[in-house]
**Q** 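Submitted below is the structure of interest, expressed as structure tokens.
Since the model is a prediction, treat every value here as computed from it, not as a measurement. A, B, ... follow the sequence lines: proteins, then strands. Residue 1 opens every chain.
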Number of protein chains: 2
Amino acid sequence: MIRVLLADDEGMIRSALAALLRLEPDIDVVAECSDGAAAVADAERLTPDVCLLDLEMPRLDGVEVTEKLNRTTATRCVIVTRHARPGVLRRALASGAAGFLPKSRSADEVAAVIRRVAAGGRYVDPEIAADALSDERSPLTDRELDVLRAGRRGETTGQIARTLSLAPGTVRNHISAVLGKLAVDSRQQAVLLAEERGWI
Amino acid sequence: MIRVLLADDEGMIRSALAALLRLEPDIDVVAECSDGAAAVADAERLTPDVCLLDLEMPRLDGVEVTEKLNRTTATRCVIVTRHARPGVLRRALASGAAGFLPKSRSADEVAAVIRRVAAGGRYVDPEIAADALSDERSPLTDRELDVLRAGRRGETTGQIARTLSLAPGTVRNHISAVLGKLAVDSRQQAVLLAEERGWI
DNA sequence: TTACGGCCATGACACATGTCACGGGTGGGG
DNA sequence: CCCCACCCGTGACATGTGTCATGGCCGTAA
């Protein structure tokens with residue numbers, strides 16, 4: 001019997017997947033969580049065989065949960081997301097995820113992926129994997145990404161500078177570099193593009 | 001037998017709901033669509049009893065689909081959304097929707113809502129309905145919303161002015177009014193807040 | 001009719017932002 | 001070692017942005 005933990009902040013899809021998985025004779029859903037912190041707590045307590053983690057969750061996202069669990073448990077993690085971009089896949093694999101499945105796929109495939117991962121295998125959505133090979137790596141430097149992240153909700157230059165302990169001029173400099181590299185002409189567009197590509 | 005059309009751009013939740021609904025003895029899923037335009041076409045061809053429509057979809061969103069179908073068919077529409085805010089509910093009901101269900105609810109409730117709506121009743125999520133009574137109506141004027149919409153991706157003032165055929169100064173003025181009313185200090189924050197509340 | 005309040009539009013001004021040129025520091029190859 | 005790339009910081013300048021006072025338009029109430 002494969003013991004599975006489910007984590008997704010959207011109740012409807014979480015309960016729907018749980019109901020479908022419970023119909024499978026060899027799968028047992030042992031926990032349902034609505035945020036990343038709860039997923040970590042339950043996974044450490046119940047040590048399920050597989051964790052099916054949504055990427056976008058409050059408190060801790062799927063990648064952060066995977067990193068934590070890989071340090072403390074033997075659970076294998078599958079990351080599920082609606083924004084399936086090469087950059088996202090890259091981050092997911094770097095965190096130690098054993099599976100990657102976009103939400104555009106049918107729910108039927110979930111059980112198959114869980115079985116495969118539980119058996120020690122890996123699963124990566126073939127389309128996204130193909131895209132990832134056509135290197136869409138971020139041209140941005142680490143610090144530039146920091147600045148972009150710190151300003152992703154429209155924070156002012158001064159606020160960004162304070163949270164990163166930088167001079168305002170430096171912040172503007174980094175942002176200017178980002179705008180040039182991404183060929184856009186406002187912070188907001190840069191943030192949207194970077195989120196789109198999974199660089200943030 | 002209640003004949004149901006399902007529309008959601010996320011394949012996983014669409015197929016999961018379809019599978020669960022097919023388990024119900026009195027419900028028949030006659031169509032699954034991944035965008036609003038397909039939903040309109042299929043609904044007019046198949047005349048299902050109930051349409052379960054996601055709000056966020058490509059081409060036409062759930063509200064627009066509901067408006068169209070209410071003019072041409074007798075189908076009753078239920079709108080499902082992850083961003084369940086009073087403003088969104090208001091728009092949904094104004095379009096003639098017979099039901100409103102946030103995705104935070106469990107999938108079990110979907111069948112019950114469908115039965116209720118098919119029987120001629122209405123269903124509105126009680127929590128959101130209560131919030132909607134504590135009038136969270138948009139304080140923004142029509143033109144201000146236009147400007148906000150036109151600039152929601154970080155477009156520059158000049159671009160907004162061109163798309164709306166306005167002088168740049170006018171655009172800045174409207175934005176200034178918006179920032180004051182929403183008590184924020186950048187366009188991006190205003191856009192995020194307005195989207196959050198369902199005003200855009 | 002006049003007066004009033006709303007929405008819309010405009011231009012002038014102050015300030016924040018993006019751009020550019022520059023220099024110091026650090027770490028990793030040739 | 002030098003060279004190079006990257007990071008951090010500064011300051012001056014052009015441009016974009018937010019604020020304000022102002023006026024036109026329209027519907028409503030006195």
**Q** With the criterion being N/O to N/O and under 3.5 Å, what pairs connect the protein with nucleotides 12-18 of chain D, and how long is each?
**A**
{"from": "D:dT17", "atom 1": "OP2", "to": "B:Thr156", "atom 2": "OG1", "distance (Å)": "3.3"}
{"from": "D:dT17", "atom 1": "OP2", "to": "B:Thr157", "atom 2": "N", "distance (Å)": "3.1"}
{"from": "D:dT17", "atom 1": "OP2", "to": "B:Thr157", "atom 2": "OG1", "distance (Å)": "2.5"}
{"from": "D:dG18", "atom 1": "OP2", "to": "B:Arg187", "atom 2": "NE", "distance (Å)": "2.9"}
{"from": "D:dG18", "atom 1": "OP2", "to": "B:Arg187", "atom 2": "NH2", "distance (Å)": "3.0"}
{"from": "D:dG18", "atom 1": "O6", "to": "B:Arg172", "atom 2": "NH1", "distance (Å)": "2.7"}

**Q** So does A:Asn173 reach the base of C:dG18 with its side chain, donor to acceptor, closer than 3.5 Å?
**A** no
**Q** Just how far is it from atom CE of B:Met12 to atom OG of A:Ser106, taken to the nearest 0.5 Å?
**A** 7.5 Å
**Q** Can you tell me if the side-chain N/O atoms of B:Thr170 get under 4.0 Å from OP1 or OP2 in C:dT10?
**A** yes
**Q** B:Leu182 has an atom CG; how far is it from atom P of D:dT19, in whole Å?
**A**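 Going from CG in B:Leu182 over to P in D:dT19 covers 12 Å.
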**Q** Does A:Leu69 belong to the same Ile/Leu/Val/Met/Phe/Trp/Tyr cluster as A:Val50, with side-chain heavy atoms less than 4.5 Å apart forming each link?
**A** no
**Q** Shared ILVMFWY cluster between B:Leu17 and A:Leu101, side chains joined below 4.5 angstrom?
**A**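 Yes; tracing contacts between hydrophobic side chains, which count when under 4.5 Å, links both residues.
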**Q** Side-chain donor-acceptor contacts of residues 146-155 of chain B below 3.5 Å, not counting sequence neighbours, with atom names and distances?
**A**
{"from": "B:Asp146", "atom 1": "OD2", "to": "B:Arg143", "atom 2": "NH1", "distance (Å)": "3.3"}
{"from": "B:Arg149", "atom 1": "NH1", "to": "B:Ile200", "atom 2": "O", "distance (Å)": "3.4"}
{"from": "B:Glu155", "atom 1": "OE1", "to": "B:Arg153", "atom 2": "N", "distance (Å)": "2.9"}

**Q** Go through the steps to decide whether A:Val113 and A:Val110 satisfy the test side-chain contact (heavy atoms from CB on, under 4.5 Å), and finish with yes or no.
**A** CA-CA 5 Å; A:Val113 171; A:Val110 174; 5.9 Å; no
**Q** Nearest-Å distance, CD (A:Gln188) to P (C:dT17)?
**A** 14 Å
**Q** Between the protein and nucleotides 23-29 of chain C, which nitrogen or oxygen pairs come in under 3.5 angstrom?
**A**
none

**Q** Please write out the pairs of protein N or O atoms and N or O atoms of nucleotides 4-7 of chain C separated by less than 3.5 Å, giving the distance to one decimal.
**A**
{"from": "C:dC7", "atom 1": "O3'", "to": "B:Thr141", "atom 2": "OG1", "distance (Å)": "3.3"}

**Q** Output the rounded distance in Å from CD (A:Glu144) to P (D:dC6).
**A** 9 Å
**Q** Between A:Asp54 (side chain) and A:Met57 (backbone), is there a donor-acceptor pair under 3.5 Å?
**A**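 Between the backbone of A:Met57 and the side chain of A:Asp54 there is no qualifying donor-acceptor contact (under 3.5 Å).
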**Q** Side chains of A:Thr157 and A:Arg187: is there a donor and an acceptor less than 3.5 Å apart?
**A** yes
**Q** With distance as the sole criterion, is a donor-acceptor pair present between the side chains of B:Thr73 and B:Glu44 under 3.5 Å?
**A**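 On atom types as modelled, these side chains do not qualify, holding no pair under 3.5 Å.
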**Q** Rounded to whole angstroms, how far apart are CG on A:Leu140 and C1' on D:dA5?
**A**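 Distance check: A:Leu140 CG to D:dA5 C1' gives 16 Å.
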**Q** Considering only Ile, Leu, Val, Met, Phe, Trp and Tyr, and joining two whenever side-chain heavy atoms are under 4.5 Å apart, list the other residues clustered with B:Leu192.
**A**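 Members alongside B:Leu192: none; it stands by itself.
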**Q** Which pairs count as salt bridge (charged side-chain N to carboxylate O under 4.0 Å, His left out) when at least one residue sits in residues 31-40 of chain B, sequence neighbours excluded?
**A** B:Arg14-B:Glu32, B:Arg22-B:Glu32, B:Asp35-B:Arg59
**Q** What is the distance, to the nearest angstrom, from the CD atom on A:Gln189 to the P atom on C:dT17?
**A**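 Result: 17 Å.
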**Q** How many angstroms lie between atom CG of A:Leu6 and atom CG of A:Leu21, to the nearest 0.5 angstrom?
**A**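 Between atom CG of A:Leu6 and atom CG of A:Leu21 there are 6.0 Å.
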